[in-house]
Amino acid sequence: MDLYSTLTRTVEPLVTLHPDKVYLFVCGPTVYDYSHLGHARTYTVFDVLARYLRWTGKEVFYLQNITDVDDKIINRAKEENVSQPALARKFEREYLRDMHTLGINAVSYYARATTHIPEIIDQVERLIAKNVAYVTENGVYFDLDTFDGNGELSGQERAKRVSRVTDASKHNPNDFALWKTGEYGEYTWDSPWGRGRPGWHIEDTAISEKYFGQQYDIHGGGLDLIFPHHEAEIAQMESLEGRHPMVKYWMHTGFLTVKGEKMSKSLGNFITIRDALKTWNPDVLRYFILLSHYRSPLQATDEGLANAAKGLDHIRAVAKKDNGANPEGRKAFTDAMDADLNTPMALAAIQSLAASGDIEALREYGAILGINFLRETSAPLSVLHEIRNELRARKQFEVADLIRERMVAAGISITDAPL
RNA sequence: GCCAAUGUGGCGGAGUGGUUACGCGGCUGAUUGCAGAUCAGCUCAAUCCCGGUUCGAUUCCGGGCGUUGGCUCCA
């Protein structure tokens, strides 16, 4: 399989550090609010990546962190007059529920920042010992002047203002916090530098180092994390022992936009996953997301979703008779997936598999994409269908139509064959 | 200002140095208790602009313009 890496800006064959094993780390959300369609996109993409790699026979350790200590959480908890842990746990639960609904189930392990404080403190201590970090009265900062590789990922030379904290105690405005001393309510811990809490970037490297070591295969996340977050991760991790690159394949998903603007919590233009699910079912959402390549921008519009719903319906309507394997169609599918996870092309292959009636492939590939391409026929439903057909055969159309009307109202589409 | 992504038909959205997927929509016919769906066929139609390389560029190179984003928390 070939993958595009932001680090080299090219598509390269995936060569993992250990044959047949893939270590995949994806930045999870900060749990201070409901997740929106932008999150749905990113996590659907990596869900499909992990499923596909596993399908090809690789053992995938898919690690995702949950940022549950952060300014946003502190502020939000204060606003809502609840404790930080209560707020974080609540939105973590909601996040996981949304993921479950969307069929996102490939993550091997979710790691909370707050349950890895000893690892974080340990990593900060080692960075200080390496003389790449220094202690001030406000906390511990990373000394960016010691790291030559900064800017390699984002293309920004000598990246400026990595930290949002303007703190006179810093040697350089670019330096970012590893540990912030102070009292921050429930989420404050003792450390060699005084009570406080971790900086944003250090949690990811502490967690990934614990489970993967200092080098691993794929690091994913949204495009918005390249700078400064991922740059900072590289600086931290590669400063420990100088292993370079910390990660060879940096995968970044394109933005989901609404009316031409990026969907984000700060802009307030976001559509939450649960709201979207009121109108569209999870299969349609996944189909819509995979209809465009993961690095392209994707417009969230009702027309686009409706288009996706119709397209998926079409596949299900066509895929009826089992005509056996369609080797060209199968090869087209895997070729597309191998080509930097080209899901739009893979879905084109699905169309031809449906048209030719390769039911087995549709079932198998549907499991990779997390989409059911076959019409569901539960036992009660098929009984209902049988009864309707019997009624139609007896020309009792009034009752048959009533049943159809009710079923459609309940969201179950019906296709009658000619009598 | 610096950095990055992106710019394809009525719409969504791929690939490609020469014949441009796939879907949605549109049209015609078949089929049909009706609706829908399906089947056959059709139409339709696009590669931001200007240069360069080339027999030939939408594709490669250079420049420009537009859009979105990053430089502040963000998937």
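All values reported here derive from a predicted model rather than from experimental measurement. Letters A, B, ... are given to chains in the order of the sequence lines, protein chains preceding strands, and every chain is numbered from 1.
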[X] has a side chain; which of [options] sits nearest to it?
X        : options             : result
A/His314 : B/G23, B/U38, B/U6  : B/U38
A/Met345 : B/C24, B/A14, B/A75 : B/A14
A/Arg392 : B/C34, B/A14, B/A75 : B/C34
A/Pro344 : B/A21, B/U6, B/C34  : B/A21
A/Phe227 : B/A14, B/A75, B/C71 : B/C71

Q) OP1 or OP2 of B/G15 less than 4.0 angstrom from a side-chain nitrogen or oxygen of A/Asn342, does that happen here? A)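 Yes.
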Q | Under-4.0 Å side-chain N/O to phosphate OP1/OP2 contact, A/His229 with B/A75 | A |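 A/His229 to B/A75 OP1/OP2: no side-chain N or O under 4.0 Å.
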Spacing of the [atom1] atoms in [M] and [N] (rounded, Å):
N     : M     : atom1 : result
B/C49 : B/A35 : C1'   : 50 Å
B/C50 : B/G36 : P     : 47 Å
B/U53 : B/G62 : P     : 15 Å
B/U38 : B/C65 : P     : 48 Å
B/C60 : B/G18 : P     : 12 Å
B/U31 : B/U8  : C1'   : 37 Å
B/A40 : B/A45 : P     : 23 Å
B/A57 : B/U19 : P     : 11 Å

Just checking, is any N or O donor in the side chain of [X] or [Y] under 3.5 Å from an acceptor N or O on the other one?
X        : Y        : value
A/Asp340 : A/Tyr294 : yes
A/Gln123 : A/Gln236 : no
A/Ser5   : A/Glu12  : no
A/Asp68  : A/Thr114 : yes
A/Tyr34  : A/Asp275 : no
A/Arg316 : A/Asn372 : no

When all nucleic acid strands are considered with a 4.0 Å heavy-atom cut-off, which category describes [X]: base, sugar-phosphate, or nothing?
X        : value
A/Gly38  : base
A/Leu256 : base
A/Pro29  : sugar-phosphate
A/Val318 : sugar-phosphate
A/Glu303 : nothing
A/Phe288 : nothing
A/Ser296 : sugar-phosphate
A/Thr30  : sugar-phosphate
A/Leu223 : nothing
A/Gly28  : sugar-phosphate
A/Arg404 : base
A/His36  : base
A/Leu347 : nothing

(Q) Under a 3.5 Å cut-off for both contacts, is B/A40 paired Watson-Crick or G-U wobble with anything, and if yes, with which nucleotide? (A)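 Per the H-bond distance test, B/U28.
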**Q.** Of A/Arg9 and A/Lys310, the one whose closest RNA chain B nucleotide lies more 5'
**A.**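 In this pair, the answer is A/Arg9.
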Q.
Need to verify one output field. Residue with the more 5' nearest nucleotide on RNA chain B, A/Gly254 or A/Ala317?
A.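 In this pair, the answer is A/Ala317.
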**Q.** Ring geometry between A/Tyr211 and A/Phe61 (parallel below 30°, tilted from 30 to 60°, perpendicular above 60°)
**A.**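 A/Phe61 and A/Tyr211: perpendicular rings.
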Q.
Please report the distance, rounded to the nearest Å, between NE2 in A/His219 and C1' in B/A75.
A.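 One finds 11 Å between C1' of B/A75 and NE2 of A/His219, rounded.
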**Q.** Aromatic stack A/Phe397/B/G33: centroid gap under 5.5 Å, interplanar angle under 30°
**A.**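 A/Phe397 vs B/G33: stacking yes.
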